[in-house]
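Nothing here was measured: the structure is a model prediction, and the numbers come from that model.
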Amino acid sequence: MAQNDDTKIDMELYYKRFLSLFEEVKKDYPKFVESFMGFFKATEGPGALDKKTKELISIALSVKSQCPYCIAFHVKNAVAEGATRAEIIESAMVAALMGGGPCVAYMKYVFDACDQFGAK
C-alpha cells in the first residue's frame with residue numbers, strides 16, 4: 001500500500017505507549033499486572049496452536065476491538081513469529097468481514113504496522 005509520510009501512523013509509538021502503560025500500572029497495581037501477564041503467557045504460549053497463529057488471531061481481534069495499541073503489539077509479535085504481510089492482512093480482513101466498515105478503517109493501522117515492523 002503506497003502512502004506518503006503525511007498519512008502514516010506511528011505504530012512504534014503505539015507499541016511503546018502500550019508497554020509503558022503496563023509499567024505505569026505496575027507501580028500501583030503489581031498484582032494486577034503480574035496476574036494479567038501470567039494469563040497472557042499461558043494463553044499466548046505454546047499449545048494446540050502455534051504462537052504465529054495465535055498472533056494472527058490476536059490481530060483480527062485487535063482490529064475488531066478497534067484498538068491501535070493492540071494492533072501494534074500483535075503485528076510486531078506476529079512478524080517476530082514469522083508471519084508474512086499477506087497472513088497479517090488476511091487476518092485483518094477476516095475481522096473486517098465480521099465487523100464491517102469500522103474494522104475496514106482500522107486496517108490502516110495494520111498496513112502501517114506491517115510497513116514499520118518489517119512484514120515481508
Straight-line distance of [X] [atom1] to [Y] [atom2], nearest 0.5 Å:
X: Phe111; Y: Asp115; atom1: CZ; atom2: CG; result: 9.0 Å
X: Ile71; Y: Met107; atom1: CD1; atom2: CE; result: 10.0 Å
X: Tyr14; Y: Asp112; atom1: OH; atom2: CG; result: 10.5 Å
X: Leu97; Y: Cys103; atom1: CG; atom2: SG; result: 10.0 Å
X: Cys67; Y: His74; atom1: SG; atom2: NE2; result: 8.0 Å

Lys54: salt bridge (charged side-chain N to carboxylate O under 4.0 Å, His left out) partners, not counting sequence neighbours:
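None.
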Partner set under salt bridge (charged side-chain N to carboxylate O under 4.0 Å, His left out) for Glu81, not counting sequence neighbours
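Salt bridge (charged side-chain N to carboxylate O under 4.0 Å, His left out) list for Glu81, sorted by chain: Lys51.
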More than 12 heavy atoms of other residues, nucleotides or ligands under 6.0 Å from NZ of Lys76: is that the case?
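Enclosed: over 12 neighbouring heavy atoms sit under 6.0 Å from NZ of Lys76.
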Does one hydrophobic cluster hold both [X] and [Y], with members joined at side-chain heavy-atom distances below 4.5 Å?
X: Ile9; Y: Leu21; value: yes
X: Val79; Y: Leu61; value: no
X: Val94; Y: Leu49; value: no
X: Tyr15; Y: Leu13; value: no

Less than 4.5 Å apart, any side-chain heavy atom of [X] and any of [Y]?
X: Ser91; Y: Ile57; answer: no
X: Pro102; Y: Gln66; answer: yes
X: Asp10; Y: Gln116; answer: yes

Donor-acceptor under 3.5 Å ([X] side chain, [Y] main chain):
X: Glu90; Y: Glu87; answer: no
X: Ser65; Y: Ser62; answer: no
X: Asn77; Y: Glu55; answer: no

Suppose we screen for side chain to side chain donor-acceptor pair (under 3.5 Å). Which residues come up paired with Asp50, at least two apart in sequence or across chains?
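For Asp50, the residues satisfying side chain to side chain donor-acceptor pair (under 3.5 Å) (neighbours in sequence not counted) are Thr53.
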Can you pull out every ring-ring contact (aromatic ring centres under 6.0 Å, His included) where at least one residue sits in residues 79-106? Sequence neighbours excluded, please.
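Sorted pair list: Tyr106-Tyr109.
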If hydrophobic residues (ILVMFWY) are linked whenever their side-chain heavy atoms come closer than 4.5 Å, directly or via other members, who joins Val104 in its cluster?
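When side chains under 4.5 Å apart are linked, Val104 ends up in no cluster with other residues.
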Would you name the heavy atoms of Cys114 and Val75 that are closest together and state the gap between them?
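So the two residues come closest at N-CG1, 3.9 Å.
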Is the distance from the ring center of Phe73 to that of Tyr69 below 6.0 Å?
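Between Tyr69 and Phe73, which both carry aromatic rings, the centre distance is not below 6.0 Å.
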Using atom types as modelled, flag every donor-acceptor pair under 3.5 Å from a side chain in residues 23-46 to any protein atom, sequence neighbours excluded.
residue: Ser35; atom: OG; partner: Lys31; partner atom: O; Å: 2.9
residue: Thr43; atom: OG1; partner: Phe39; partner atom: O; Å: 2.8
residue: Glu44; atom: OE2; partner: Ser58; partner atom: OG; Å: 3.1

